[in-house]
Amino acid sequence: MSSTLKKLYDLLVERLGLDRLPLRSVPYSYVSVEFWLGAIVAASFMWLAISGLLLLLYYDYTNPAEANRRLLESKPFFRPLLTSHLMAANLMILGAVAHFVRNFLVGAYKKPREAMWIVGVIAGFLALQAAFFGYASIGDKIAIEAINIGSGFVSNSFGEYFGKILAALAFDVTESTRYLRTVAIHVAFAVLLGVVFLLHFILFEAQGIHPSPRETGWRDEPSKIDETRKDMAPWFPVNLTYIIVVTFGVWGFIFTLSAFLQGLGWVHQLLYQLPIFEGTPEGEMARPMPPWFLVYAFKLFQLTFLYLPEPLKIPVLGLEIYGFSALPVFIASFVLPILVLAIIPFMARRGSTHPLDNMAAATVLGLLLVYLAQLTIWGAVTLSFHTTFTAIVVFITPILTLVPGLQMLRATMKGEDINKPMIRFFSLSLIAIALPFATLIATRGYESDTGMGDAITGLLGVVFSLIYLSLIAFTVFSGESEPKTGEPRQLDLPTPLIAVAIAELFLVLFSAISLALINPLANPILASALIGLLLTSAYGVAHIALRALTLHGKPLESLGSELVPHMLVVLSLAVLIFVA
Amino acid sequence: MSFIVRKLIVNPKIPGDEYLSVYLACDRRGWCGMGGGPKFDRRDFVKILGAFGVVGAGGGLAIPIVKYMMPEIPKAYSYPQTRLVWGDGRPVRASDLEVNKIYLFNYPLHSTPNFLVNLGDERGEPVGVRVKLYTNMSPLNEEPIIFKLGQTRLVEFNVPGYGREYVVEGVGPNKSIVAYSAICQHFGCPYPAMKFYPPGQQVPLARSELVVKGGVIYCTCHGGAYDPYRGAAVLLNPPQRPLPFVKLEERNGELWAVEVLGATVFGKFCNTCAAEEGELVGSETVVREV
Ligand code: FES
């Protein structure tokens with residue numbers, strides 16, 4: 001029996017050429033989530049494509065809000081599908097941020113991977129555009145706001161004449177066909193994103209995986225992995241299996257998290273998973289606010305001092321074109337972040353991939369991240385406009401903390417005298433903590449909740465800067481730890497792991513059967529949770545299968561750490577119990 | 001030229017550097033990209049021409065695509081001549097309107113609400129309006145003019161600006177009845193986010209001292225403010241266009257809406273652009289108290 005199976009397997013491998021695929025393989029020790037953050041993004045994108053096509057089957061552009069309302073009540077599994085599409089978008093963007101930050105911290109953006117980094121930045125931009133047109137297509141209260149704000153934004157940014165044309169291109173001028181256009185543009189951006197993703201993968205195949213700083217000791221040469229080294233894991237089956245593992249894990253997590261948040265109900269608008277319809281209790285509570293990843297831009301719109309105080313007048317071919325008042329806001333929210341990210345590879349210094357050896361890049365990226373985080377929280381909790389004075393403080397506090405903080409860390413790393421940098425760091429940080437409140441008192445801002453919000457956001461600037469600094473510090477230390485060697489090799493899986501695999505297989509069966517039996521219309525959240533469990537338990541079994549494949553390249557660790565990946569299954573189970 | 005190209009494509013300092021050049025075809029001499037040959041020759045020149053051709057063709061498609069994507073602009077109907085009526089069908093007369101109270105009506109489309117106000121001062125005495133202004137202007141950054149009037153009962157004023165010039169003139173015995181679009185010119189926040197605060201009525205959370213005392217149309221979305229006594233000229237940015245003015249006429253003592261002057265109503269390609277005639281309000285429109 002087993003020999004027949006083996007023969008069949010060998011035949012398959014040989015005929016399909018699976019062992020000769022021209023794809024990059026990676027060392028065994030790289031088969032871990034730290035090196036596969038990009039795969040999380042790709043898996044989320046894949047689910048977006050699948051669920052998006054399924055959603056498109058029933059999309060009704062004449063009145064999407066009404067259609068959604070009806071489908072949510074009458075179409076089995078529509079609600080799990082719709083909520084998973086939204087959650088996948090969230091996870092893709094979160095994953096992309098993690099992917100960016102990690103690759104910056106280990107120096108993977110440097111020569112020869114500049115092009116890959118820039119293509120990644122472009123992908124991020126396209127993802128935001130696709131997301132915008134996606135949520136504008138739902139037709140609910142938020143979508144209507146989105147279209148209003150979107151058309152106002154372009155007509156105020158690009159002059160009245162071009163603005164009107166752009167708004168018409170994006171949102172149509174007749175309401176009856178408006179949503180057909182937004183959904184078409186949504187799909188177009190998604191397809192474009194797919195193409196750019198492909199380019200990103202091709203560049204990966206050209207350069208291979210970035211060597212871990214643990215192996216290079218933070219030197220930027222060699223910038224590639226030596227393909228002849230002995231611990232390379234073959235693409236087939238190891239890499240392929242890991243792709244499957246990550247995909248199932250991500251998809252399962254999407255459904256699990258979405259079930260959990262649906263179970264919570266209305267906590268905050270940004271965490272609410274369903275469309276917000278006019279005339280419902282949620283519709284009453286909702287404010288005109290985009291999804292979380294665009295809240296930063298939404299907050300920038302509210303900084304009135306960013307608008308041009310005087311409109312611009314530009315003569316073009318005899319016509320006078322005017323307006324452009326929101327142009328600075330447009331630049332601040334969509335041009336500057338992209339540009340800053342794109343030039344990061346060119347700010348890098350030769351020699352070292354360490355973030356503390358690339359201070360300019362580390363400072364700029366850190367400030368960008370802190371600002372985005374601050375603006376997001378600020379926009380989520382306050383809905384008001386801001387006068388110059390208090391609001392500018394918000395952007396100063398991170399500079400006061402982050403810059404001396406990086407210098408202190410650098411001195412520590414280089415083993416220099418750190419007294420001076422330390423004193424500078426602590427005194428400037430204290431100023432940064434006090435500054436927002438001093439401004440609050442000086443401008444009598446405490447008389448309004450706006451002033452209080454500004455002060456707290458200023459303080460958050462310090463907090464986020466400290467988080468960024470600790471991230472860098474953590475990278476320094478983890479980079480120094482030597483890889484463990486010389487452990488006894490155990491080439492068989494211990495019984496507990498086998499037991500876990502069997503239990504997970506049982507869970508797969510259990511959730512598959514339950515999904516067939518439950519009434520998805522009466523228990524839509526349960527359906528989400530069950531799909532989550534189905535996928536995560538499949539992920540669990542596949543993960544143990546993967547361990548069987550990688551055992552000789554990646555020796556077993558303690559049972560505790562071997563079980564860590566299975567916490568995802570436990571999480572799904574817990575969420576299932578929570579919603580049931 | 002060849003130097004620049006070489007600089008762009010390969011890094012000559014590193015022998016055998018394949019950076020980016022791996023993506024360019026090699027020719028029969030084994031020269032890859034532009035960097036291999038001793039000098040920039042005709043063949044290299046033609047390669048560049050080829051690249052420009054392909055990129056140019058791609059760019060050339062942009063205009064046709066935009067033209068194709070451009071939606072058909074709906075027909076611009078002529079402005080309906082519309083009688084203002086109360087909910088019970090009675091025509092609205094100038095004397096029906098209380099001073100400083102907000103009324104709403106839709107015109108020229110069902111989807112475009114407007115304020116109707118009988119403007120007055122703090123004591124409730126009507127104040128007339130005859131203001132010349134332009135479709136575009138820089139925010140005035142001033143107090144609403146109502147607090148500087150003194151004994152004057154008619155605001156006659158020229159607001160500087162550019163674009164098209166028009167005149168805002170009130171109707172009624174005191175020329176104090178005016179109607180403005182109730183959709184903000186900044187990002188389109190409608191009533192009640194944007195509304196009229198009569199003089200003396202405090203504007204909650206006002207962003208500037210200039211407008212806290214009322215006498216303004218204030219938009220809470222981003223703190224834009226307009227002066228209804230000066231034809232809804234912009235007092236505070238971010239908006240940079242006055243609110244469109246609905247021209248009213250008194251015919252046999254009844255109020256009629258006849259036209260919209262000034263900037264285009266926010267979000268509309270043109271004020272009366274509609275896919276079908278039914279989107280326009282027709283011969284009567286209902287005035288609601290709020
Ligand atoms: S929408 Fe009115 S000020 Fe922005």
Side-chain angles (χ1 to χ4, degrees), chain A residues 111-115 144-145 147-153 155-156 160 164-178 181 184-185 188 202-203 206-207 223 288 301-313 320 322-326 329 383-387 448-450, chain B residues 11 14 17-20 22-23 65-74 109 111 134-139 141 161-163 183-190 193 204-209 219-224 234 236-241 263-264 266-270 273-276 279:
Chain A
K111 184 174 171 285
R113 292 183 178 78
E114 301 97 324
I144 294 170
E145 292 294 348
I147 292 176
N148 252 345
I149 295 188
S151 50
F153 193 47
S155 59
N156 289 333
E160 272 175 68
K164 258 188 189 177
I165 289 184
L166 275 176
L169 282 175
F171 307 116
D172 209 335
V173 282
T174 31
E175 255 139 66
S176 53
T177 45
R178 162 160 301 163
R181 183 169 288 255
I185 296 178
I202 291 173
L203 286 171
Q207 311 291 0
S223 59
F301 295 177
Q302 294 168 15
L303 303 183
T304 337
F305 58 87
L306 285 179
Y307 290 81
L308 293 181
E310 297 276 321
L312 280 187
K313 277 176 272 184
E320 261 215 340
Y322 25 72
F324 305 98
S325 66
V329 189
L383 183 65
S384 43
F385 32 80
H386 299 264
T387 49
S448 71
D449 35 359
T450 317
Chain B
N11 188 341
I14 302 174
D17 182 19
E18 41 159 20
Y19 173 51
L20 282 187
V22 286
Y23 300 106
I65 288 176
V66 168
K67 281 206 170 147
Y68 172 77
M69 273 190 70
M70 192 65 199
E72 210 173 304
I73 306 301
L109 304 177
S111 56
Y134 295 84
T135 49
N136 295 68
M137 60 176 292
S138 309
N141 281 315
Y162 53 96
I183 305 175
C184 184
Q185 282 286 311
H186 175 228
F187 277 179
C189 281
L205 290 177
R207 140 179 160 232
S208 156
E209 289 293 317
C219 178
T220 47
C221 283
H222 312 92
V234 183
L236 297 179
N237 78 343
Q240 291 178 342
R241 290 179 295 271
T264 311
F266 177 87
K268 298 287 164 199
F269 208 84
C270 76
C273 285
E276 49 192 66
E279 290 178 29

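So you know, we letter chains A, B, ... as the sequences are listed, proteins then strands, and number each from 1.
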*Given a strict heavy-atom distance threshold of 4.5 Å, which part of A:L166 is in contact with chain B: side chain, backbone, both, or neither?*
neither

*Where on B:N136 is there a heavy atom nearer than 4.5 Å to chain A: the side chain, the backbone, both, or neither?*
side chain

*Indicate, with yes or no, whether the SG-to-SG separation of B:C184 and B:C221 is under 2.5 Å.*
no

*Between atom OG1 of A:T174 and atom CD of B:E276, what is the distance when rounded to the nearest 0.5 Å?*
10.5 Å

_Report which part of B:S111 has an atom under 4.5 Å of a heavy atom belonging to chain A: side chain, backbone, both, or neither._
neither

*Proximity breakdown for B:E279 and chain A, heavy-atom pairs closer than 4.5 Å*: neither

*Derivation of the ring-ring contact (aromatic ring centres under 6.0 Å, His included) call for B:H222 and A:F301*: CA-CA 8 Å; B:H222 312 92; A:F301 295 177; 7.4 Å; no

*asked:* When you compare the side chains of A:Y307 and B:H186, does any donor N or O come within less than 3.5 Å of an acceptor on the partner?
replied: yes

_Please give me the minimum heavy-atom distance between B:T220 and B:A193, naming the atom from each residue._
OG1-O, 2.8 Å

*Does A:R181 reach the side chain of A:F171, with side-chain heavy atoms less than 4.5 Å apart?*
no

*Distance (rounded to the nearest 0.5 Å) between A:N156 CG and A:S325 OG*: 4.5 Å

*Do you know which of A:I149, A:D172, A:V173 has the most heavy-atom pairs with chain B at a distance under 4.5 angstrom?*
A:V173

*Interchain contact, A:E175 with chain B, by part (heavy-atom threshold 4.5 Å)*: side chain

*What part of B:F266 gets closer than 4.5 Å to chain A, counting heavy atoms only: side chain, backbone, both or neither?*
side chain

*Please flag which part of A:A168 lies under 4.5 Å from any non-hydrogen atom of chain B: side chain, backbone, both or neither.*
both

*Do you know which of A:I165, A:T177, A:V329 has the most heavy-atom pairs under 4.5 Å to chain B?*
A:I165

